[in-house]
Amino acid sequence: QQQVKQSPQSLIVQKGGISIINCAYENTAFDYFPWYQQFPGKGPALLIAIRPDVSEKKEGRFTISFNKSAKQFSLHIMDSQPGDSATYFCAALGEDSGNTPLVFGKGTRLSVIA
Amino acid sequence: DGGITQSPKYLFRKEGQNVTLSCEQNLNHDAMYWYRQDPGQGLRLIYYSQIVNDFQKGDIAEGYSVSREKKESFPLTVTSAQKNPTAFYLCASSPSQGAGEQYFGPGTRLTVT
């Protein structure tokens, strides 16, 4: 119940296209859903995050869509660029966050080709 | 210049030797974390600490040990009991255990032969 399932494992997108990465969870106590971006050989960095009181959050070319009833959330990267090529991790944090750290998905390796 | 530092970036050890990975933060964060990253495995939690002199096991704590004697420091020891120690190790911190945003260090790549 603590898992966050992420798909696809890898993704190849043409420059200018839309990249879509999906995550699903079971624990209804999760109330914070961040996405992290990691470049090769570097540590992950927070990209964008959402709470379940909204269905969408947009920051530049990056958008999180959240479906509370389906217990799913997704990251959309519009106008994908080669510089977006990285590994993306979704994560979730619950109401009992005092005892349980952030739960991560297994990651999606995105390659944006020209 | 605030942040998390991990040293060294690359570390090589012979099998059977214990090795300690350094993690220091000057963000005044209460919580710190250690993750292991292997290809296709995502981020697996090894240990975490919510406060000085206290820490909890994560999902894959066997073969590892930690200490938290100072707020800014959370070293990880990879012992000879860890069967597959070669990996990329990431340290992170957050203002508190309940804070969603974790700040990651640059990582240490450990190779054991």
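Quick note on labels: first sequence line is chain A, next is B, and so on, each numbered from 1.
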Query raised in the report: Honestly curious: do B/Phe55 and B/Ile4 fall in one hydrophobic cluster under the side-chain, below-4.5 Å linking rule?
Result: no
Report task. Compare every heavy atom of B/Phe88 with every heavy atom of A/Lys42, then report the nearest pair and how far apart it is. Result -> O-CE2, 3.8 Å
Query - Interchain contact, B/Tyr35 with chain A, by part (heavy-atom threshold 4.5 Å) - result: side chain
Query raised in the report: For the residue pair A/Pro101 and B/Leu45, what are the closest heavy atoms and their distance?
Result: CG-CD2, 3.7 Å
Query raised in the report: Heavy-atom distance under 4.5 Å to chain A: side chain of B/Gln56, backbone, both or neither?
Result: neither
Query raised in the report: Looking at B/Leu90 and A/Gly43, what are the two nearest heavy atoms and their distance?
Result: CD2-CA, 3.6 Å
Query raised in the report: Within a reach of under 6.0 Å around CZ of B/Arg44, are more than 12 heavy atoms found that belong to other residues, nucleotides or ligands?
Result: yes
Query raised in the report: More than 12 heavy atoms of other residues, nucleotides or ligands under 6.0 Å from CD of A/Glu56: is that the case?
Result: yes
Query raised in the report: Is B/Lys9 atom NZ crowded by more than 12 heavy atoms from other residues, nucleotides or ligands, each under 6.0 Å away?
Result: yes
Report task. Starting at CZ of B/Phe104, measure out to CG of A/Leu46 and round the result to the nearest 0.5 Å. Result -> 10.0 Å
Requested in this report: Please flag which part of A/Gln6 lies under 4.5 Å from any non-hydrogen atom of chain B: side chain, backbone, both or neither.
Outcome: neither
Query raised in the report: Do other residues, nucleotides or ligands put more than 12 heavy atoms under 6.0 Å from the CD atom of B/Gln41?
Result: yes
Query raised in the report: Has A/Glu59 got more than 12 heavy atoms of other residues, nucleotides or ligands less than 6.0 Å from its CD?
Result: yes
Query raised in the report: If every non-hydrogen atom of A/Tyr36 is compared with every non-hydrogen atom of B/Gln102, which pair is closest and at what distance?
Result: OH-N, 2.8 Å
